Colleague: 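Just passing along the structure, written as structure tokens.
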Amino acid sequence: MNASVAIQSLPDAANDEELIRIVDEVIAYIKSTGLNYYVGPFETTIEGDYDELMDIVKECQHIAVRAGAPHVAAYIKVSYRPEGDVLSIEKKVSKHHE
């Protein structure tokens, strides 16, 4: 796994319930990719191949719009190591969830 991304999807929504519904659709899409992911309160982290992750980031925006958001913004963090592996989600957070 040469990359990980953290994405915070910020869809424009009429209220909190609508915002959560749209974000849940984005997370369902991420889950459907079959990649390892971790949902946090502000962002979702996904591990995999850099190019595949960039395609997923792009599709997350489309998912939010198709779910009804007239506008969506996102914060994206990327860790990329072309020649090797990046630190895994498990190595970063598992000790804090025991």
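Since the model is a prediction, treat every value here as computed from it, not as a measurement.
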Colleague: Considering all heavy atoms of both residues, which atom of Ile22 and which atom of Ala67 are nearest to each other, and what is their separation?
Modeller: CG1-O, 4.0 Å
Colleague: What's the spacing between Ile46 CD1 and Thr33 OG1 if we round to 0.5 Å?
Modeller: 6.5 Å
Colleague: Calculate, to the nearest 0.5 Å, the distance between atoms OG and CG belonging to Ser4 and Leu53 respectively.
Modeller: 7.5 Å
Colleague: Determine whether Tyr80 and Val86 make a side-chain contact, defined as any pair of heavy atoms from C-beta on separated by less than 4.5 Å.
Modeller: no
Colleague: What heavy-atom pair brings Asp85 and Met1 nearest, and what distance separates the two atoms?
Modeller: OD1-N, 3.0 Å
Colleague: Of all the heavy-atom pairs spanning Val57 and Val5, show the shortest one and how long it is.
Modeller: CG2-CG2, 4.1 Å
Colleague: Heavy atoms only: give me the nearest Glu47-Leu35 pair and the separation to one decimal.
Modeller: O-CB, 3.6 Å
Colleague: Would a 4.5 Å heavy-atom cut-off, applied to side chains only, mark Glu25 and Tyr29 as touching?
Modeller: no
Colleague: How many angstroms lie between CD1 in Ile30 and CD1 in Ile63, if you round to the nearest 0.5 Å?
Modeller: 9.5 Å
Colleague: So which atom in Val93 and which in His97 form the shortest heavy-atom distance, rounded to 0.1 Å?
Modeller: O-CD2, 3.1 Å
Colleague: Please tell me if the side chains of Asp55 and Glu52 come closer than 4.5 Å, counting only heavy atoms from C-beta onward.
Modeller: no
Colleague: With ILVMFWY side chains joined below 4.5 Å, transitively, what does Leu87's cluster contain besides itself?
Modeller: none
Colleague: Rounded to the nearest 0.5 Å, what's the gap from OG on Ser79 to NZ on Lys92? Could you check?
Modeller: 5.5 Å
Colleague: What about Tyr75 and Val72, same hydrophobic cluster or not, with Ile/Leu/Val/Met/Phe/Trp/Tyr joined at side-chain heavy-atom distances under 4.5 Å?
Modeller: no
Colleague: Look at Arg21 together with Glu17 and state whether they make a salt bridge at an N to O cut-off of under 4.0 Å.
Modeller: no
Colleague: Transitively linked via ILVMFWY side-chain contacts under 4.5 Å: Leu19 with Ile27?
Modeller: yes
Colleague: In terms of hydrophobic clustering (I, L, V, M, F, W, Y; side-chain heavy atoms under 4.5 Å; direct or indirect links), are Tyr37 and Met54 co-clustered?
Modeller: yes
Colleague: What is the minimum heavy-atom distance between Ile76 and Val78, and which atoms define it?
Modeller: CG2-CG2, 3.9 Å
Colleague: What about Tyr38 and Ile56, same hydrophobic cluster or not, with Ile/Leu/Val/Met/Phe/Trp/Tyr joined at side-chain heavy-atom distances under 4.5 Å?
Modeller: no
Colleague: Mind checking the NE2-CD spacing from His71 to Gln61? Nearest 0.5 Å is all I need.
Modeller: 10.0 Å
